Chemist: 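Quick one: structure below, then a few questions.
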2 protein chains.
Amino acid sequence: MTTVNALSEVAALMGDPARAAMLSLLMDGRAHTASELALTAGVTAQTASGHLARMVEASLLAARAQGRNRFYRLASSEVAHAIEALMALAGTRAPPAAKSAAWRRDPDLRFCRTCYDHLAGQVGIAVTDALTRAGHIEPMGPRDWRLTPSGELFCGRLGVDVPGARRLGSRHFARQCLDWSERRPHISGALGAAIADTFFRRGWAEKLRRSRTVRLTDSGRRALNSHFGAAV
Amino acid sequence: MTTVNALSEVAALMGDPARAAMLSLLMDGRAHTASELALTAGVTAQTASGHLARMVEASLLAARAQGRNRFYRLASSEVAHAIEALMALAGTRAPPAAKSAAWRRDPDLRFCRTCYDHLAGQVGIAVTDALTRAGHIEPMGPRDWRLTPSGELFCGRLGVDVPGARRLGSRHFARQCLDWSERRPHISGALGAAIADTFFRRGWAEKLRRSRTVRLTDSGRRALNSHFGAAV
DNA sequence: TCGATAGTTCGGTGGCGGCCGAAGGATAGC
DNA sequence: GCTATCCTTCGGCCGCCACCGAACTATCGA
């Protein structure tokens, strides 16, 4: 293959409107799910899937499976650089200010939200980090956490229903879930759900209507400080 | 027009093999006639004419009529920069085995070439590294270089027209341009062009006909050694 | 075990665009 | 004027590829 063909091939990939829309969204540096990218590009899931596979094949994107979701991100900073150079040609300034519109509109979503049934965002990460720092949980394997004896006690004092979580044998007990805004794992699985449930039950957090966004209450903020030694 | 559409449109222009071949030839920084570009791209004159018109329309190329001939050149160094960035991507895409095949095809191009109007390849990197090592230039921000007082003196002794380069207010003075073969930044912008000009004027380097490839002369090799303390 | 959700694969369709032949300027030289 | 060369415009053909519906797989939660 000549350098010329290589040039045209990579440019052609970026030259499709749907793929360009996906790449633009990914210029925020975060990982996004296939369905999110499909929605942004304005195409069906199956069309998006084909586009994403081609871009992964060409090393423009990197993919990581997580549960039912598949997260895609730009494969390297060089990809971002090339996109930026092309956008500069069109006279439009893009990165790094080019976050997705939804993103700019919703900083609260980044702060705290539900991910299935557990907490995510800065609050989810703060809780996870605090538990790790205190030695209450430990990474176990690539995808799980282990609850230590001290963690068992800690959860008991807080009112987290650990026995109930263990009873759900069909469900993973404590999983590492990649936080798509913070780009680090937070705690999910049955234990993550039980912790979130405690937050809601004790009035530390409230779900907003018709949204994944979660509001941390004042007492929740105090609880984070006193019980977890974390500030957000 | 949205930024996304702008991205896909300019990328789609570069994504056609015939147009990519033309753009590659024009990376030598010179103006070429329509028929020459048609020959390079392997298409008929009328097909090439259509391609060229579209690229002029999109401000990728600039055209100038001269007698019966029509000369085309890259519209700006930004266009060259974008092409270079895309080529850097293309270098990473295939596994090593496939890459080296394409590589060995053009060892001379990898050694020294023009990137629009400045030097690239091993020689371009050698010059840039030597200037950095001697403290003549310093990275300034993510995309620029700063010429230090010692660099000012050094360029003056060499006959590089620094004042002339500064006078081009419309153009970036000293930019970092990612070298697609060396995968590290070399110096471009007005100063990069002035340095390259010095190389050609003093007989240190010669452009090969119909190619971006540049030949380093024996005196050029000696100059690199004595003035820059670099060996290639 | 079962339903719901996320993602992929496959097959068929439609439209965009690259291609060339033919014809039509424009310029230079005679 | 005439001719050769360079380039462009026009019209029609053809292939590629983006798209979607349908069906399938995998994972999650109950």
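Being a predicted model, the structure only gives us computed values, none of them experimental. Residue numbers begin at 1 in each chain, while the letters A, B, ... track the order of the sequences.
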Chemist: Can you check the Glu36(A) CD to dA6(C) P distance for me, whole Å?
Modeler: 12 Å

Chemist: What I want to find out is whether Glu9(A) reaches Arg54(A) closely enough, with some N-O distance under 4.0 Å, to be called a salt bridge.
Modeler: no

Chemist: Could you give the CD-to-P distance, from Glu57(B) to dT9(D), as a whole number of Å?
Modeler: 12 Å

Chemist: Summarise how protein sits on nucleotides 18-30 of chain C as a single string, 5' to 3': B when a protein heavy atom is under 4.0 Å from the base, S for sugar-phosphate-only contact, - for no contact.
Modeler: SSBBB----BS--

Chemist: Is Arg70(B) close enough to dC6(D) that one of its side-chain N or O atoms is under 4.0 Å from OP1 or OP2 there?
Modeler: no

Chemist: Tell me: CZ of Arg167(A) to P of dG29(D), nearest whole Å?
Modeler: 18 Å

Chemist: Does the ring center of His227(A) lie less than 6.0 Å from the ring center of Trp204(A)?
Modeler: yes

Chemist: Which of parallel (below 30°), tilted (30 to 60°) and perpendicular (above 60°) describes Phe228(A) and Phe154(A)?
Modeler: perpendicular

Chemist: Rounded to whole angstroms, how far apart are CG on Leu52(B) and P on dC6(D)?
Modeler: 16 Å

Chemist: Trp145(A) side chain to Ala174(A) main-chain N or O, any donor-acceptor pair under 3.5 Å?
Modeler: no

Chemist: Quick one: do Glu36(A) and Arg70(A) make a salt bridge, cutoff under 4.0 Å?
Modeler: no

Chemist: Can you see if the side chain of Asn69(B) gets near the phosphate of dT5(D) - specifically, an N or O under 4.0 Å from OP1 or OP2?
Modeler: no

Chemist: Under 6.0 Å between ring centres: does that hold for His81(B) and His172(B)?
Modeler: no

Chemist: Can you tell me the distance, in whole Å, between the CG atom of Leu39(B) and the P atom of dT5(D)?
Modeler: 16 Å

Chemist: By the 4.0 Å heavy-atom rule, please label Ala45(A) as base, sugar-phosphate, or nothing.
Modeler: base

Chemist: Can you list the steps and then say if His32(A) with Phe71(A) is a side-chain contact (heavy atoms from CB on, under 4.5 Å)?
Modeler: CA-CA 5 Å; His32(A) 294 265; Phe71(A) 285 86; 5.8 Å; no

Chemist: Under 4.0 Å between any heavy atoms, over every strand shown, what does Tyr72(A) touch: base, sugar-phosphate, or nothing? Just pick one.
Modeler: sugar-phosphate

Chemist: Could you state the NE2-P distance from His172(A) to dA26(D), rounded to the nearest angstrom?
Modeler: 15 Å

Chemist: Rounded to the nearest Å, what distance is computed from the CZ atom of residue Arg64(A) to the P atom of nucleotide dT27(D)?
Modeler: 15 Å

Chemist: To the nearest Å, how far apart are Phe71(B) CZ and dT8(D) P?
Modeler: 13 Å

